[in-house]
Amino acid sequence: MTAKTVNTAWGRHGGGGTKAVANHDENALTLAHQAAAPIADRQTEAFVFASTTAPLAEKSSAAFLAVALDLPPTVITRDLSGSLRAATGALLDAMNGDRSTLLAAADLRIGEPGSITETTFGDAGAALMIGPESETIARHLASATVSVDMTDLWRSPADRYVRADDARFAAEEYRKIITPAIADCLEQAGLAASEIAQVAITAPNPKSAAAVARSLGFDRRTQLVHDPAALVGLTGAAHPLLLLAALLEGAAPGDRLLLASYGDGADVILFEATDRIADYRSPAPLKQTLSNGREMTGYAQYLAFRQLIVGQRDNENIFASSIQRRREGEPLYRLRAQRCDHCERVDTLNLPTCPQCGNTEHFSEQKLSRRGIVFTHTTEYYYPSPAGPTGIWVIDLDGGGRITVQATDTDGTVAIGDTVELTLRRLHRGGGIDNYFWKCRPIP
Amino acid sequence: MRGKIAIVGAGCTRFGENFDQSYSDLVAEAGREAMKEAGVGSADIQAAWLSTAFPDVGVYRGRSGMDLAEPLALYDIPITRVSNFCASGGDAFRNACMALLAGEHNLVLALGVEKLRDRTPQESIVKMMVETGHPFYQKGFTAAGTFASFARRHMHTYGTTREALAGVSVKNHAHGVANEKAHYRKAIDLETALASPMVADPLTVMDSCPTTDGAAAVILCRIEDAPSYNTDYVRLLGQHLAVSSSWDGPFFDTASDFLSFRSTQVAAQAAYKQAGITHPGEQIDLLEVHDCFSIVELLTYEDLGLCEKGKAAAYLRDGHAHLGGKTPVNVSGGLLSCGHPVGATGLRMIYEITRQLQQRCGKRQVNNARVGLAHNIGGPGAVASVTILGQKE
């Protein structure tokens with residue numbers, strides 16, 4: 001959504017830049033899943049979910065994500081919240097420890113309607129796989145951390161929106177806190193600013209980051225990574241990992257990369273790109289996601305997506321059952337279907353008897369692919385949804401199995417034979433809790 | 001089966017938004033018309049079957065046979081509530097036939113009734129599909145969408161067009177004009193049908209049956225007893241019902257090609273065998289088929305063997321399914337004009353075939369109607385009933 005769209009709705013002038021708006025069926029949990037799924041390694045020893053907008057304050061989102069990423073039950077799951085530095089803190093802990101870790105950070109950050117944060121906050125998810133040095137694309141050289149009690153931004157569980165105090169005070173303290181932290185990190189590494197290939201700094205605005213960089217001796221034009229905040233907004237706990245992605249995607253072997261993350265103090269981390277980075281291609285690079293957006297139809301659509309309109313809340317009357325979720329959700333979320341040993345038929349719903357040959361005992365497990373092609377489709381005009389008509393697409397998955405799901409992230413254009421991927425989304429709020437399931441979205 | 005059972009009485013309410021009629025009022029009206037024709041009273045009915053598909057949508061009537069007993073005072077007899085989605089009516093009829101063949105009862109009643117319009121249309125079946133069903137893998141469809149996905153595949157595979165779908169609607173709306181019991185009795189043209197709002201792409205409002213109240217009933221006995229009730233009786237030639245899939249089957253099973261309903265094929269093959277029909281297109285004089293959505297009528301021409309696979313659009317275009325054509329289909333106006341009080345529909349079809357065989361249909365009478373077929377499918381296409389009736393010998 002453009003800042004102009006927001007400002008026009010409020011009768012204000014101009015405004016540049018855009019913000020990333022998550023679809024109506026997304027939340028911090030689904031954003032984290034979308035980022036983590038392409039790189040999830042079943043051998044990982046730990047999985048960490050970092051967010052300031054986790055859908056639940058009590059009940060682990062990481063535990064559910066571990067199921068939806070088909071990680072084994074033995075994986076160590078952690079939910080981190082409370083600070084914009086949650087993700088870099090987790091990153092430091094993982095790199096200083098000896099456990100392989102899949103780290104996913106995401107925020108769906110709602111700025112108070114009518115306030116400046118409505119145009120400057122955005123939604124995003126990002127993920128990293130942290131593992132042994134023998135496999136890294138970037139190794140950890142040095143770091144510096146400072147913890148500060150600073151009441152610049154805060155949100156209590158009862159607050160829907162982030163609250164802010166004096167912006168100029170916040171900007172000045174920002175500079176005073178993050179600058180020495182970066183200097184400290186450079187000193188520990190024994191490196192001068194000129195020896196750093198690229199630096200990325202989270203900041204309340206681009207001017208602040210530029211001023212900090214200049215004061216430390218970095219060349220703003222050649223060394224400071226262009227913050228995607230101008231396109232996607234300030235994306236909370238995910239933002240430092242977005243900046244890290246920008247650093248990694250532009251790196252050559254041997255490059256020193258510095259990431260500075262701010263919030264209740266600062267985490268500064270210095271990396272060195274290894275030879276492996278030359279051949280590494282992210283399955284979901286930042287560059288691609290930045291160019292993939294579709295413009296909102298208007299401010300009203302944003303209000304509907306975020307349920308900021310009275311009377312447009314999720315329907316909680318839908319039948320849901322925690323018992324059923326535990327019993328039947330597990331295989332469906334893990335995409336573990338059943339294959340008949342006699343006739344090879346793949347059964348997505350794990351029926352007790354093979355409908356093709358009547359076999360009742362001899363089944364093997366079939367892990368379903370998240371990619372497939374459209375076998376047939378329709379668009380429902382009468383199914384209630386804040387996003388308008390709902391596509392229902394019948395997908396034949398690569399390697400076997402069929403699944404019929406709602407379509408999302410699409411304007412409805414579809415043809416039999418199109419390629420799609422499954423994506424985990426909020427389906428409804430039956431029983432007063434988010435119920436998730438797979439939907440599909442077109443892939444180019 | 002063939003020739004062993006007779007229909008001696010049939011009744012049908014007006015189908016429509018019958019705001020002044022309760023579920024019980026509908027039962028009473030249809031039941032009484034059938035009993036009057038058979039010349040019997042409530043005390044003569046020895047067993048009954050009640051077809052209501054969605055009792056919880058309205059006023060919670062129709063969950064049990066007691067809701068057939070009360071309006072007609074049919075007490076102290078076995079009454080079974082039958083539920084097989086949209087095929088409930090055909091299923092109730094089948095069960096009544098089975099009881100007669102078993103020799104356990106001599107005079108039986110099958111009655112179908114649905115009261116959908118004590119709520120807004122959105123508050124009835126759409127709401128049911130939103131709020132019930134599996135919390136994960138049955139979310140997003142309304143009834144229209146399930147059939148629309150079949151339409152899309154048929155269009156992709158055989159080149160069937162939106163015009164062909166709309167053609168079914170135009171035909172059945174024209175047929176409905178002459179049916180005083182139809183919900184809609186207004187002809188439409190092709191442009192109107194094509195321009196009507198989309199419900200589930202490619203099916204529009206005009207491709208879809210309306211939300212309707214109604215009831216229909218038949219009274220049956222063994223053939224040897226028929227003349228003592230009604231000399232103008234009609235004979236059963238064949239009846240079969242098949243469950244060939246499940247609600248989710250096609251949507252989660254690559255074995256389904258979305259081009260046909262096996263349940264119709266299986267039920268028809270068995271009914272044809274009982275009735276001695278080898279060339280349905282030549283030996284059947286009229287058909288009532290389940291056009292809840294226009295695509296189902298087209299698929300049914302193929303599944304019943306009236307034409308080859310993929311050729312339904314041409315069959316329609318060539319006029320074979322129109323009144324006056326080779327095999328008139330839905331001269332009553334079908335579900336598109338009559339509406340679809342779900343549990344009643346299968347029995348309304350049998351009522352219509354009965355009246356046609358009795359030559360009592362006025363402007364919509366099919367000439368030389370001697371053999372008629374009623375096709376009733378549900379769930380979305382998992383269960384189908386095929387009933388074949390003939391004139392008395």
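Numbered from 1 within each chain, the chains take letters A, B, ... in sequence-line order.
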Exercise. Going by heavy atoms in the side chains, are B:Tyr137 and A:Phe437 under 4.5 Å from each other?
Worked result: yes

Exercise. Sub-3.5 Å donor-acceptor pair from the side chain of A:Thr378 to the main-chain atoms of B:Ala148, do we have one?
Worked result: no

Exercise. Which one of A:Trp393, A:Phe375, A:Trp438, A:Tyr382 has the most heavy-atom pairs closer than 4.5 Å to chain B?
Worked result: A:Phe375

Exercise. Any donor-acceptor pair under 3.5 Å linking the side chain of A:Glu380 with the backbone of B:Gly145?
Worked result: yes

For this session: Check each atom of B:Pro197 against the heavy atoms of chain A and say whether the ones under 4.5 Å are side chain, backbone, both or neither.
Result: neither

Seminar exercise, completed: Of the listed B:Ser256, B:Gly140, B:Gly249, the one with the largest count of heavy-atom pairs under 4.5 Å with chain A is B:Gly140

Problem set entry | Portion of A:Asn317 that has a non-hydrogen atom of chain B nearer than 4.5 angstrom | both

Problem set entry | Within 6.0 angstrom of B:Glu131 CD, more than 12 heavy atoms from elsewhere | yes

Exercise. Contact part of A:Leu332 toward chain B, heavy-atom cut-off under 4.5 Å: side chain, backbone, both or neither?
Worked result: side chain

Exercise. Between A:Val394 and B:Phe258, does a side-chain contact (heavy atoms from CB on, under 4.5 Å) hold up when you go through it step by step?
Worked result: CA-CA 10 Å; A:Val394 178; B:Phe258 277 72; 4.1 Å; yes

For this session: Please tell me if the side chains of A:His428 and B:Pro135 come closer than 4.5 Å, counting only heavy atoms from C-beta onward.
Result: yes

For this session: Mark yes or no for whether A:Arg402, through its side chain, and B:Asp253, through its backbone, hold a donor-acceptor pair below 3.5 Å.
Result: yes

Exercise. Considering residues, nucleotides and ligands other than B:Arg262, do more than 12 of their heavy atoms fall under 6.0 Å from its CZ?
Worked result: no

Problem set entry | Within-4.5 Å side-chain heavy-atom neighbours: A:Pro384 and B:Val130 | yes

Problem set entry | Criterion side-chain contact (heavy atoms from CB on, under 4.5 Å) on B:Phe141 and A:Thr404, from CA distance to verdict | CA-CA 10 Å; B:Phe141 268 138; A:Thr404 297; 3.8 Å; yes

Seminar exercise, completed: Interatomic distance, CG@A:Asn350 vs CZ@B:Phe252, rounded to 0.5 Å, equals 11.5 Å

Exercise. Side chain, backbone, both or neither: which part of A:Phe319 has a non-hydrogen atom closer than 4.5 Å to chain B?
Worked result: both

For this session: Count the heavy atoms belonging to other residues, nucleotides or ligands that lie under 6.0 Å from CZ of A:Arg326, then report whether that count exceeds 12.
Result: no

For this session: Please assess A:Tyr383 against B:Thr142 for the test side-chain contact (heavy atoms from CB on, under 4.5 Å), listing each intermediate value before the final yes or no.
Result: CA-CA 7 Å; A:Tyr383 199 84; B:Thr142 65; 4.2 Å; yes

Problem set entry | Residue list, ring pair (Phe, Tyr, Trp, His ring centres under 6.0 Å) with A:Phe64, at least two apart or on another chain | A:Tyr333, A:Tyr436

Exercise. In terms of heavy-atom proximity below 4.5 Å to chain B, should A:Gln406 be classed as side chain, backbone, both, or neither?
Worked result: side chain

Seminar exercise, completed: Within residues 152-165 of chain B, contacts to chain A at heavy-atom distances under 4.5 Å involve B:Arg152, B:Arg153, B:His156

Exercise. At what distance, to the nearest 0.5 angstrom, does OG1 of A:Thr376 lie from CG of B:Asp257?
Worked result: 11.0 Å

Problem set entry | Pairwise side-chain contact, B:Lys139 with A:Ile318, heavy-atom cut-off 4.5 Å (strictly under) | yes

Exercise. Can you find a pair of side-chain heavy atoms, one from A:Val346 and one from B:Thr254, that are under 4.5 Å apart?
Worked result: no

Exercise. Given that the side chain runs from C-beta out, which part of B:Val126 has a heavy atom under 4.5 Å from chain A: side chain, backbone, both or neither?
Worked result: side chain

For this session: Taking atom CZ of A:Arg370 as the centre, report whether more than 12 heavy atoms of other residues, nucleotides or ligands fall under 6.0 Å from it.
Result: yes

Exercise. What part of A:Arg345 lies closer than 4.5 angstrom to a heavy atom of chain B: side chain, backbone, both or neither?
Worked result: side chain

